[in-house]
Number of protein chains: 2
Amino acid sequence: MKSNEVSNNREIPRRKTAEQRRQDILEAALKIFAEKGYNGSTTAEIARAAEVAEGTIFRHFSTKKELLIAVLEPKILEGLIKLDKEYSEDTPTEFFRRFLKNRMELIKDNEALIRLMFAEAQYHIEVRESLFKGILGQGISIIRPWFEKGVELGDFRALPFLPTMQSFMGMIMFYGLFGNVFLGLSPEKTIEEAADHMLDLFLHGLAR
Amino acid sequence: MKSNEVSNNREIPRRKTAEQRRQDILEAALKIFAEKGYNGSTTAEIARAAEVAEGTIFRHFSTKKELLIAVLEPKILEGLIKLDKEYSEDTPTEFFRRFLKNRMELIKDNEALIRLMFAEAQYHIEVRESLFKGILGQGISIIRPWFEKGVELGDFRALPFLPTMQSFMGMIMFYGLFGNVFLGLSPEKTIEEAADHMLDLFLHGLAR
DNA sequence: ATTATAAGTGAGTAATCACTCATAATATCA
DNA sequence: TGATATTATGAGTGATTACTCACTTATAAT
């Protein structure tokens, strides 16, 4: 019988599964890393936050850096897949609205993770590559056909694709990562509102 | 007579001025910090890069953190002032073009500094404040009257100021900090071209 | 029950780090 | 030319850190 199955009246400690421990450590590591940066965090502190002994970390991850990679690597793609069921009946404009909202929500939901990713991407090549493949690259390749469709239909102007996307991504990223911190925007604004404003600006511009 | 003044034929070491030494250290520190981050850099390494003894660093800066602050603090405002001579004859649109170009050049010229600043702003309040006051805040306050003038003249739509600026700043920052790295944009494109494209997009939008 | 395996622990370790300080080198002043 | 002040030096220091390992505890297999 599996020992974790049913409560019996013996008063004995029940151990979490190895997988659960791993998750505890990952969760704690994300928290600490996001707070203090990779080099500013200690394995002792992470262990404390995860409520495990320091040695336990190294049973699950052979080095601190491997822990960082594990924190960043897998989660990224989770939220991206949804969009891949192509709503092929959408107009390009409708697609952009959906995409924008999805990304803004994704960023808000994983703010610590993404912030950490951008910060550490500066110093670790692996992270940089992961960031490009995971967030920026995926976004670009999903958008591209819709962009081109929009141009064909005459809905969009035939602007150069990559520079245009760079600006678009910049708007989104900056909103999620720095917006509320630096510009003191009212946080009670919903993502919905913010997304609508950004889309309006992106599609129609500031000029009358 | 000042000892550093004229070359004489005695073969003796000439000491740099204290100020010059300070600059050497600051320059080296910027390089190393930008490369590896604050916590990833060691004072020994900075000393080596500056070609001074490690102790010398601490004669000029009492702590490593003070060195970081000194690296970031003063330079920021240098490039900003130019714009303050108000070209009051400009149209709002012309102002935005000038502003955009100025900021993009400023970012390109100080890429390491600004990249470092954004990275460390996550972890040090002083840096965060300095970033807001120095780059983002200044930009916002310079733009505002021109934005309002543009709305009054009927050149611009009456969009909410801060969210609009957030997107604008996002486009600029992302271009400077991540654009070439992540999106593989052709680096032979001049800033001029990039700025013109960004302004076009910002003013008129993607939609036809 | 007994044994075998997997998982957890935390004191210990070698390396590294920011910072100090006694000494030396250079510059300034009398 | 000395006397004094300023700046530079780098070996030394205590604190911190990532990682190890001998050992304990829990679970699975026989």
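In what follows, chains are A, B, ... by sequence order, proteins preceding strands, each numbered from 1.
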Could you state the atom-to-atom distance from CD1 of A:I57 to P of D:dT17 in whole Å?
-> 13 Å
Looking for any heavy atom pair under 4.0 Å, which part of the strands does B:S62 touch: base, sugar-phosphate only, or nothing?
-> nothing
Give a yes/no verdict on a cation-pi contact between B:K64 and B:Y38, requiring under 6.0 Å between NZ or CZ and the six-membered ring centre and an angle within 45° of the axis.
-> yes
Give the nucleotide from the list D:dA22, C:dA18, D:dC19 with an atom nearest to the side chain of A:T63.
-> D:dC19
Check: B:F156 ring centre within less than 6.0 Å of B:F96 ring centre | yes
Whole-Å distance, A:E51 CD to C:dG8 P, equals 14 Å
At under 4.0 Å between heavy atoms, what does B:T42 touch on the DNA or RNA strands: base, sugar-phosphate, or nothing?
-> sugar-phosphate
Under-4.0 Å salt bridge between B:E105 and B:K101 | no
A:I46 CD1 - D:dC19 C1' separation (whole Å) = 13 Å
In terms of side-chain heavy atoms of A:R15, which of D:dC19, C:dT9, D:dT27 is nearest?
-> D:dT27
Taking atom C1' of D:dT9 as reference, at what distance in whole Å does atom CZ of B:R59 sit?
-> 9 Å
Send over the distance from A:K64 NZ to C:dT16 P, rounded to a whole Å.
-> 15 Å
Does D:dA8 have OP1 or OP2 sitting under 4.0 Å from an N or O in the side chain of B:H60?
-> yes
B:K36 NZ - C:dT16 P separation (whole Å) | 13 Å
Please figure out whether A:R21 or B:G55 has its closest DNA chain C nucleotide nearer the 5' end.
-> A:R21
Let me know the distance between CD1 of B:I25 and C1' of D:dT7, rounded to the nearest Å.
-> 11 Å
Among D:dC19, C:dT9, C:dC19, the one nearest any side-chain atom of B:E54 is C:dC19
Length of the line joining A:D24:CG and C:dG8:C1', which is rounded to integer Å | 13 Å
Test salt bridge (Lys or Arg N to Asp or Glu O under 4.0 Å) applied to B:R98 and B:E94, step by step | CA-CA 6 Å; B:R98 260 197 315 112; B:E94 278 160 8; over 6 Å; no
Could you work out which one of C:dT9, D:dC19, C:dT20 sits closest to the side chain of B:F58?
-> C:dT20
Please say which of B:E66, B:R59, B:K65 ends up in a side-chain hydrogen bond (donor to acceptor under 3.5 Å, both in side chains) with B:S62.
-> B:E66
